[in-house]
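Take a look at the structure below.
Each chain gets a letter, A, B and so on, in the order its sequence line appears, and its residues count up from 1. Computed from heavy atoms alone, side chains included, the values below leave out hydrogens, waters and symmetry copies.
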Amino acid sequence: MIDLQQLRQNIEMIAARLYKERGFKLDVIEMQRLEVQRKTRQIIVQDLQHKRNKAAKVLGQEKAKGLDIRDQSKALKQDGVALKVAQTELQALQSELEALYLSIPNLLHPSVPNGKNSNDNRVERHWGTPNIFTFTAKDHLSLGRALKQLDMERAAKLSGARFSVLYGDLARLQRALIQFMLNTHTANHGYQEVYVPYLVKKTCLYGTGQLPKFKEDDEEFSLAGAYCDLTLIPTAEVPVTNLVCGEIIPFEQLPLKWVAHTPCFRSEAGSYGKDVHGLLRMHQFEKVELVQITHPDQSEHLLEEIVGHAEFILQQLELPYRVVTLCSGDTGFSSAKTYDLEVWIPSQKIYREISSCSNFEDFQARRLKARFRDQATGKPRLVHTLNGSALAISRALLAIMENHQDENGRIYIPSVLQPYMNQQSHLDNQGSK
RNA sequence: GGAGAGAUGGCCGAGCGGUUUAAGGCGCUCCCCUGCUAAGGGAGUAUGGGGUAUCCCCAUCGAGGGUUCGAAUCCCUCUCUCUCCGCCA
């Protein structure tokens with residue numbers, strides 16, 4: 001949610017920005033109409049409440065003196081009815097305004113380039129150079145099948161399309177990736193490891209901005225029946241960021257830095273026919289996620305730090321990548337600024353997203369009511385929240401398979417992972433049944 | 001799953017229909033006193049919102065409804081915590 005005080009004061013300017021940056025049409029007339037009504041209603045309600053409180057007090061004192069208060073009591077009944085009516089009207093206006101405000105996307109950071117879609121993203125830098133293969137490079141699906149360690153067919157038998165089954169060394173390599181990333185971020189980058197629920201209440205999704213959705217598509221998986229208010233997390237961002245929901249964090253604890261490994265569940269509604277084969281786009285995948293809860297003055301700088309942490313992993317895995325700043329049209333609803341890390345995919349000869357690092361500034365914090373106590377004033381202020389994938393595990397696995405293959409279909413295991421693989425240097429047919 | 005007990009400010013804890021404007025204590029901040037330390041005295045100490053804004057008002061006692069002129073207090077529903085029994089990784 002954006003700052004309402006700011007919105008009310010500079011409504012024309014902010015409406016213009018929302019339209020220019022996001023193509024979001026804010027109904028200024030309607031909003032102002034509702035605001036005026038809300039304000040007058042609120043004054044009426046509070047006035048009636050004030051009268052009620054005073055009258056009740058006087059009545060109480062008279063009763064204590066032993067006076068008969070039945071007539072006065074009866075006379076006050078009408079005020080109670082009027083109050084209830086006014087309260088109901090106020091509530092209706094408030095929820096209408098609330099729904100409107102929840103639908104407004106975040107304002108973008110000035111450094112975000114203008115643009116419509118991913119074609120307009122700004123490439124910041126490259127690292128590494130894509131391998132030039134002296135043979136025809138295979139995609140990860142054929143490589144995995146040849147190794148008998150990747151099985152989409154049996155996965156489909158269990159759960160349908162967009163699920164995977166891994167065997168043997170490939171399954172172990174996925175586990176090694178998770179371990180390596182968690183260990184690196186905790187030992188080298190100062191994050192605390194955190195284990196969180198994979199099922200969360202809907203309110204958590206409002207907090208981080210996945211809900212409300214105005215598209216038809218429902219991106220998340222929800223449970224039915226007795227637990228129907230629970231949803232499978234689409235990313236660890238949701239449970240981890242919601243840890244500070246409603247809290248006032250002591251100043252000296254900032255920044256809070258958490259790293260979590262979780263599976264992620266996405267319906268992928270709206271991406272029918274896109275990336276239907278292999279590990280690229282699945283309903284269930286593993287991810288190691290970084291989350292920071294920071295002082296407002298630090299978030300801009302800490303976004304760069306998070307990107308650095310994700311880049312470090314890619315470098316250690318010896319994978320060529322580039323860093324892009326998402327343009328205005330490609331930046332997510334809640335984000336003020338997002339960097340994507342894109343890893344080279346030899347079979348497609350393009351860079352594909354493997355990490356997304358965002359600064360949400362106070363947008364999520366306002367929804368979450370996540371604050372810290374300002375040292376100077378002693379008053380609570382909204383924190384800033386950031387997160388970054390570091391990395392998407394399934395895509396890292398895929399990238400390793402494709403970038404580190406040789407002409408015999410063996411796959412080189414990056415040296416940083418070998419300690420997690422009993423010093424094994426390659427994936428080959430030995431690791432499967 | 002069965003039986004019972006709870007949820008009050010940063011913390012402990014009283015209140016069980018109207019002198020509560022949430023007692024009292026602890027902690028914290030500032031001031032005073034005491035030549036250090038300890039002890040003592042005084043003041044302050046939630047969050048959100050509104051207004052005729054150095055002041056006033058409204059809301060919040062786990063959450064949501066209800067009863068009442070008036071609810072922390074009574075009733076209903078839900079959530080969570082604790083104790084005992086059962087079951088279980």
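Where A/L76 and A/K379 meet RNA chain B, the nucleotide closest to each residue was compared, and A/K379 sits on the side nearer the 5' end. Comparing A/Q49 and A/K77 against RNA chain B, the residue whose closest nucleotide sits nearer the 5' end is A/Q49.
Shown are A/D330, A/T331, A/T338; of these, the side-chain hydrogen bond (donor to acceptor under 3.5 Å, both in side chains) with A/N121 is made only by A/D330.
When atom types are taken as modelled, the side chain of A/E289 and the backbone of A/W258 share no donor-acceptor pair closer than 3.5 angstrom. A donor-acceptor pair under 3.5 Å links the side-chain atoms of A/S389 to the main chain of A/S356, judged by distance alone.
To the nearest whole angstrom, the two C1' atoms, one in B/G62 and one in B/A72, are 12 Å apart. Here, B/C12 and B/C61 have their C1' atoms 16 Å apart, quoted to the whole Å. Taking atom P in both B/U73 and B/G65, the straight-line distance is 14 Å, to the nearest Å. Rounded to whole Å, the P atom of B/G9 lies 14 Å from the corresponding atom of B/A22. Taking atom C1' on both B/A59 and B/C78, the two are 22 Å apart, rounded to the nearest angstrom. Nucleotides B/U37 and B/A46 have their C1' atoms positioned 34 Å apart, rounded to a whole Å. Rounded to whole Å, the P atom of B/A63 lies 10 Å from the corresponding atom of B/U8. When the C1' atom is used for both B/G17 and B/A71, the distance is 7 Å, rounded to whole Å.
Comparing B/U47, B/G50, B/C69 against the side chain of A/I43 picks out B/G50 as the nearest. Closest to the side chain of A/K84, out of B/G70, B/U67, B/U47, is B/U67. The listed nucleotides are B/G50, B/G18, B/U21; the one nearest the side chain of A/A56 is B/G18. The side chain of A/Q42 approaches B/G50 more closely than any other nucleotide in the set B/G48, B/G50, B/G18. Closest to the A/K39 side chain, of the nucleotides B/U21, B/U47, B/G50, is B/G50. Of the candidate nucleotides B/C69, B/G48, B/G49, B/G48 has the atom nearest to the side chain of A/P380.
Not one side-chain nitrogen or oxygen of A/K54 sits closer than 4.0 Å to the OP1 or OP2 atom of B/C57. Between A/H50 and B/C57 there is no side-chain polar atom (N or O) within less than 4.0 angstrom of OP1 or OP2.
Taking atom CZ of residue A/F251 and atom P of nucleotide B/C28, one finds them 21 Å apart after rounding to whole Å. Atom-to-atom, NZ of A/K201 to P of B/G64 comes out at 14 Å; the value is rounded to the nearest Å. If you measure from atom CD of A/Q72 to atom C1' of B/U68, you get 16 Å, rounded to the nearest angstrom. B/U21 atom P lies 4 Å from atom NZ of A/K57, rounded to whole Å. The separation between A/Y101 atom OH and B/G49 atom P is 13 Å, rounded to whole Å. Across the protein-nucleic acid pair, A/Q5 atom CD and B/G48 atom P stand 11 Å apart, rounded to whole Å. As rounded to whole Å, 14 Å separates atom C1' of B/U19 from atom CG of A/L59. Distance, A/Q87 CD to B/G65 C1': 13 Å, rounded to whole Å.
In the model, A/Q364 has a side-chain atom that pairs as donor or acceptor with a side-chain atom of A/T385 under 3.5 Å. No hydrogens or angles considered: a donor-acceptor pair under 3.5 Å links the side chains of A/S222 and A/K202. Side-chain contact annotation: A/E286 with A/H261, donor-acceptor N/O pair under 3.5 Å present. Checked by atom type, the side-chain pair A/Q292/A/Q298 shows no donor-acceptor distance below 3.5 Å. Side-chain contact annotation: A/Q42 with A/R38, donor-acceptor N/O pair under 3.5 Å present.
Using a 4.0 Å heavy-atom distance criterion, A/R373 is classed as a sugar-phosphate-only contact. Residue contacts for A/K74: at a heavy-atom cut-off of 4.0 Å it reaches no nucleic acid atom on any strand shown. A/N53 comes within 4.0 angstrom of sugar-phosphate atoms only, judged by non-hydrogen atoms across all strands, and of no base.
Using the Watson-Crick or G-U wobble rule with both distances under 3.5 Å, B/C55 pairs with B/G51. B/A14 makes up no base pair with any nucleotide shown, lacking Watson-Crick or G-U wobble contacts both under 3.5 Å. Nucleotide B/G44 forms a pair with B/C28, judged by Watson-Crick or G-U wobble geometry with both contacts under 3.5 Å. Base pairing annotation: B/G70 forms no Watson-Crick or G-U wobble pair, as no partner gives both donor-acceptor distances under 3.5 Å. Both distances falling under 3.5 Å, in either a Watson-Crick or a G-U wobble arrangement, place B/C84 opposite B/G2. Pair assignment for B/G62: B/C78, on the basis of Watson-Crick or G-U wobble contacts that are both within less than 3.5 Å. Under the Watson-Crick and G-U wobble criteria, each requiring two contacts below 3.5 Å, nucleotide B/G35 is left unpaired.
An anti base is found at B/A38: its glycosidic angle is more than 90° from 0.
Side-chain atoms of A/Q46 come within donor-acceptor range of the base of B/G49, with a qualifying N/O pair under 3.5 Å.
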